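Worksheet for the structure shown next.
Because the structure is predicted, anything quoted here is derived from the model rather than measured.
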Amino acid sequence: MSDKQLLHIVIGGELKDVQGNEFRDLKQVDFVGAFASYAEAYAAWKSKAQATVDNAHARYFIIHAHKLLDPSSEHYQH
């Protein structure tokens with residue numbers, strides 16, 4: 001396992017439409033956190049996703065921020 005930090009950000013909130021990915025109110029977006037690995041981000045995402053399972057419009061996403069900051073990092077898994 002690599003010790004290289006691969007920044008992942010987990011966010012979520014209510015969507016306008018469950019078929020899309022546009023948030024109902026950007027001021028209400030839940031910034032769960034920034035994580036050094038996909039595994040940590042996935043655990044946070046899963047916890048939030050399970051906590052909001054009763055809200056059909058709630059969705060959480062993992063953003064692979066390291067790919068946005070350094071496109072050459074595409075070769076890393078997640």
Take a 6.0 Å sphere around CZ of Phe61 and say whether it holds more than 12 heavy atoms from other residues, nucleotides or ligands.
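Enclosed.
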With a sphere of 6.0 Å drawn around CG of Asn21, does it hold more than 12 non-hydrogen atoms of other residues, nucleotides or ligands?
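Not buried by this count: 12 neighbours or fewer within 6.0 Å.
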To the nearest 0.5 angstrom, please state how far the [atom1] atom of [X] sits from the [atom2] atom of [Y].
X: Leu7; Y: Ile63; atom1: CG; atom2: CD1; result: 9.5 Å
X: Leu15; Y: Asp25; atom1: CG; atom2: CG; result: 12.0 Å
X: Ile9; Y: Phe35; atom1: CD1; atom2: CZ; result: 10.0 Å
X: Tyr38; Y: Ile62; atom1: OH; atom2: CD1; result: 4.0 Å

Flag the pair Arg59 / Val18 as yes when at least one side-chain heavy-atom distance between them is below 4.5 Å, and no otherwise.
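A side-chain contact exists here, since the closest heavy-atom pair is under 4.5 Å.
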Decide yes or no for Glu40 and His8: does some side-chain heavy atom of the first lie under 4.5 Å from some side-chain heavy atom of the second?
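Result no, sub-4.5 Å side-chain heavy-atom pair not found.
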Can you sort out the partners of Lys16 under side chain to side chain donor-acceptor pair (under 3.5 Å), two or more places apart, ordered by chain and number?
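In terms of side chain to side chain donor-acceptor pair (under 3.5 Å), with neighbours along the sequence ignored, Lys16 is linked to Glu22.
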Under the rule for side chain to side chain donor-acceptor pair (under 3.5 Å), what residues qualify as partners of Asn55, not counting sequence neighbours?
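Result, side chain to side chain donor-acceptor pair (under 3.5 Å) vs Asn55: Glu14.
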Thr52 side chain to Lys48 main-chain N or O, any donor-acceptor pair under 3.5 Å?
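Pair found, side chain donor or acceptor close to backbone of Lys48.
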Treating Trp45 as the side-chain partner and Tyr60 as the backbone partner, does any N or O pair qualify as donor plus acceptor under 3.5 Å?
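At least one qualifying donor-acceptor pair exists.
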